[in-house]
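All values below were derived from every heavy atom in this structure, side-chain atoms included, with hydrogens, water molecules and symmetry-related copies excluded. Just so you know, these numbers come straight off a predicted model, no measurement behind them.
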Protein chains: 2
Amino acid sequence: VVAAADCPDRPLAAIDGYALRAESSLGASDYAPLPVRLLSPESPAVPADAVCLRASGAPLPQGADALVPLDQAELDGTRLQLHAAVAPGEHVLERAGEARAGESVLPAGRRLRAQDLALLALLGVAAVPVVPRPRVRVLVLCADQGTDADGPLLAALVARDGGQIGAVEHPPRELEGLAAALVDDGVPADLTLVAGGSGLGPNDPAVPAAIAAGAQLRRGVALHPGETTALGLLRGRPLVLLPGPPLACLVAYDLIAGRILRRLAGGSGELPYACRRLPLTRKIASALGRLEYCRVRVHTEGVEPLAVADGRRLVTAVRADGFVLVPPQSEGWPEGREVTVHLYEPFP
Amino acid sequence: VVAAADCPDRPLAAIDGYALRAESSLGASDYAPLPVRLLSPESPAVPADAVCLRASGAPLPQGADALVPLDQAELDGTRLQLHAAVAPGEHVLERAGEARAGESVLPAGRRLRAQDLALLALLGVAAVPVVPRPRVRVLVLCADQGTDADGPLLAALVARDGGQIGAVEHPPRELEGLAAALVDDGVPADLTLVAGGSGLGPNDPAVPAAIAAGAQLRRGVALHPGETTALGLLRGRPLVLLPGPPLACLVAYDLIAGRILRRLAGGSGELPYACRRLPLTRKIASALGRLEYCRVRVHTEGVEPLAVADGRRLVTAVRADGFVLVPPQSEGWPEGREVTVHLYEPFP
């Protein structure tokens with residue numbers, strides 16, 4: 001965003017006070033109050049040795065270059081006694097103090113903060129081009145007896161990462177039904193997620209159904225939990241097949257699907273968790289050759305691994321304060337080693 | 001939230017595989033495959049030396065206490081050759097592995113994470129009592145010439161902190177009109193914010209109007225920028241009068257009004273910014289007796305103060321990466337001193 005004009009377009013009072021030429025206040029103090037002429041507030045200009053009341057935010061009268069605060073002057077009949085000297089520019093928001101005409105004020109790709117919106121309002125910018133929220137389609141294949149835990153999980157994660165989804169869909173858990181659901185998507189989604197049935201078992205239709213729907217796929221990632229994740233393209237747009245078990249689904253979303261979504265939404269793709277470097281209070285042992293998502297608790301003494309090998313129980317991620325990622329080429333780390341912790345709560 | 005029943009209520013297969021009594025796999029390896037009987041997938045029970053196919057998430061057949069992964073067994077006519085031994089419990093999600101009946105799974109006051117929602121779904125909990133989003137009323141008194149920058153600013157901040165607001169209101173900038181607007185609020189808001197006109201100037205109706213509307217008020221806080229902030233109670237509910245200049249409005253919101261809102265919304269009231277400890281690349285000088293909100297930029301070498309004394313220009317908060325708070329009893333800090341930086345972007 002580039003400023004079209006100087007903002008403000010003339011000097012403004014930054015406080016409620018008496019506008020004047022700074023030189024007119026020279027020598028004024030509590031011990032030697034300086035008398036000046038008080039003009040009507042409507043005066044368009046101030047000559048030497050005169051002042052004029054201005055409210056904060058109002059343009060300065062012609063000739064004025066500073067303000068004396070209300071509580072540093074005293075009314076004395078029709079004159080005003082100044083109790084303080086001010087320097088040129090004091091208590092003034094100078095012309096172009098917020099932005100100069102032609103100056104770039106907000107870079108492209110910026111996630112707009114509250115103060116950015118306020119500055120845009122000051123600049124008179126009523127609309128800016130933004131990256132639209134990516135449309136995300138979420139299909140969950142429930143197990144026979146299963147309640148759908150992945151639907152609420154993914155809806156919350158997609159919303160957090162800037163995506164918009166309609167209702168979570170529950171297509172039939174068989175090849176033809178799922179393939180038909182994948183083909184039939186009305187307005188094409190920017191990203192399609194299928195949770196469940198991504199493995200190699202007899203009850204796992206996600207990969208063959210995606211291929212039947214025309215997707216190009218790679219299956220299997222060196223990630224634990226989350227090994228059965230598959231990803232590829234469906235009609236040129238990203239498709240991720242996520243594991244059904246909720247903990248593996250969470251991990252595969254955050255490390256793979258979420259990264260795609262955060263980039264589609266205009267972000268960097270980085271993990272959306274605050275990080276801290278903390279020492280391990282117990283060793284982490286990890287298998288070579290896969291990225292390990294290790295849930296941890298944060299204590300005053302350091303960080304405690306909760307469940308390294310256990311890739312099954314969702315409750316480990318509920319009890320944890322965050323996680324540590326052990327890279328594929330590492331077998332883990334000893335007690336006392338400082339590691340990077342990704343925190344579930346950004347502001348603990 | 002307390003679990004009403006064991007979850008899961010019986011052992012489940014954690015992978016696709018062959019369910020069996022672990023002892024039946026004793027001694028199996030790639031070098032010495034062990035033949036076992038393959039039962040029909042519908043079999044309700046497995047005797048010794050027999051296995052039964054189970055999909056991930058399905059209950060184990062009676063007698064089974066482990067699974068052999070699909071890729072560690074080979075079909076050989078009607079028999080199956082096991083290539084690996086498994087221990088009891090291996091690849092099984094044990095009964096009550098997520099939660100035991102009567103166990104507390106989520107503490108009161110928790111901000112629900114995606115994985116918490118998934119666990120609630122697994123537990124069959126369809127609804128939980130939550131703290132409702134506080135209703136916040138935002139009234140902005142614009143300067144004569146002014147565009148409203150505080151409205152967009154406060155709407156974004158209130159939404160970030162969990163509050164809900166309707167439209168930002170623009171009452172007349174005079175005592176009677178504002179007092180009438182404060183009295184007439186239909187459904188009483190949980191928190192009322194008035195931006196602008198909080199000072200002592202002739203054009204500052206906020207304090208007398210709030211008093212006329214029946215508010216009990218304290219005016220003035222030792223905060224820079226933001227000195228003219230006033231706070232109190234209107235019909236028993238919090239009311240904050242914020243300064244009109246947008247930078248001061250931002251600071252007074254975050255340190256005073258936002259703290260109230262974040263507590264009303266069930267949080268701790270703490271500032272919602274990630275913190276880092278970083279050394280100063282230049283000294284900060286601050287006036288004794290007031291809390292100073294010093295905008296800073298973060299570089300690789302440390303943190304640079306941007307505008308310490310300048311409490312006027314909003315653009316300083318737009319160009320900054322965060323802020324440092326200098327407490328009232330401090331005159332500032334020398335170059336090189338490590339300080340706590342509050343970061344505007346939580347995940348840089």
> Name the option with the most non-hydrogen atom pairs under 4.5 Å to chain B; the candidates are A/Thr316, A/Asp71, A/Leu122.
A/Leu122
> Heavy-atom distance under 4.5 Å to chain B: side chain of A/Ala55, backbone, both or neither?
side chain
> So, do A/Asp204 and A/Ser198 sit near enough that their side-chain heavy atoms are less than 4.5 Å apart?
no
> If we only count heavy atoms from C-beta on, is the B/Pro243 to B/Thr229 side-chain gap below 4.5 Å?
yes
> Please check this pair: side chain of B/Gln115 against backbone of A/Ala317, looking for a donor-acceptor N/O pair closer than 3.5 Å.
yes
> Can you find a pair of side-chain heavy atoms, one from A/Leu67 and one from A/Glu90, that are under 4.5 Å apart?
no
> Looking at B/Ala274, B/Gly124, B/Gly17, B/Ala156, which has the largest count of heavy-atom pairs under 4.5 Å with chain A?
B/Ala274
> Go through B/Arg160, B/Glu94, B/Arg319 and name the one with the most non-hydrogen pairs under 4.5 angstrom from chain A.
B/Arg319
> Counting neighbours of CZ on B/Arg219 that are heavy atoms of other residues, nucleotides or ligands and sit closer than 6.0 Å, is the number greater than 12?
yes
> Looking at A/Ala155, A/Ser268, A/Ala121, which one has more heavy-atom pairs under 4.5 Å with chain B than the rest?
A/Ala121
> If we only count heavy atoms from C-beta on, is the B/Cys142 to B/His170 side-chain gap below 4.5 Å?
yes
> Indicate whether any N or O donor in one side chain lies under 3.5 Å from an N or O acceptor in the other, for A/Asp150 and A/Tyr253.
no
> Would you name the heavy atoms of A/His91 and A/Pro69 that are closest together and state the gap between them?
NE2-CG, 3.7 Å
> Which answer fits A/Arg111, side chain, backbone, both or neither, if we ask what part of it has an atom under 4.5 Å from a heavy atom of chain B?
both
> Between B/Ala99, B/Pro152, B/Gly97, B/Ala14, which has the largest tally of heavy atom pairs under 4.5 Å with chain A?
B/Gly97
> Please classify the contact of A/Leu119 with chain B as side chain, backbone, both or neither, using a heavy-atom distance under 4.5 Å.
both
> Relative to chain B, which segment of A/Ala320 carries a heavy atom at a distance below 4.5 Å: side chain, backbone, both, or neither?
backbone
> For chain B, find which of A/Val105, A/Leu200, A/Asp16, A/Leu53 contributes the most heavy-atom pairs closer than 4.5 angstrom.
A/Asp16
> If I measure from the heavy atoms of chain B, does A/Arg113 come under 4.5 Å with its side chain, its backbone, both, or neither?
side chain
> Is atom CZ of A/Arg263 surrounded by more than 12 heavy atoms (other residues, nucleotides or ligands) closer than 6.0 Å?
no
> When you compare the side chains of A/Tyr273 and A/Asp254, does any donor N or O come within less than 3.5 Å of an acceptor on the partner?
yes
> Is chain B contacted by the side chain of A/Glu227, its backbone, both, or neither, given a heavy-atom distance below 4.5 Å?
neither
> At a 4.5 Å cut-off on heavy atoms, which part of A/Leu106 comes close to chain B: side chain, backbone, both, or neither?
side chain
> Is chain A contacted by the side chain of B/Leu70, its backbone, both, or neither, given a heavy-atom distance below 4.5 Å?
side chain
> Let me know if A/Pro272 has heavy atoms under 4.5 Å from chain B in its side chain, its backbone, both or neither.
both
> Counting heavy-atom pairs under 4.5 Å with chain B, which one of A/Pro246, A/Cys249, A/Ala114, A/Ala248 comes out on top?
A/Ala114
> Can you tell me which portion of B/Ala13 sits under 4.5 Å from chain A's heavy atoms? Options are side chain, backbone, both or neither.
neither
> Would you say the side-chain atoms of B/Arg295 pair up with the backbone N or O of B/Tyr293, donor to acceptor, closer than 3.5 Å?
yes
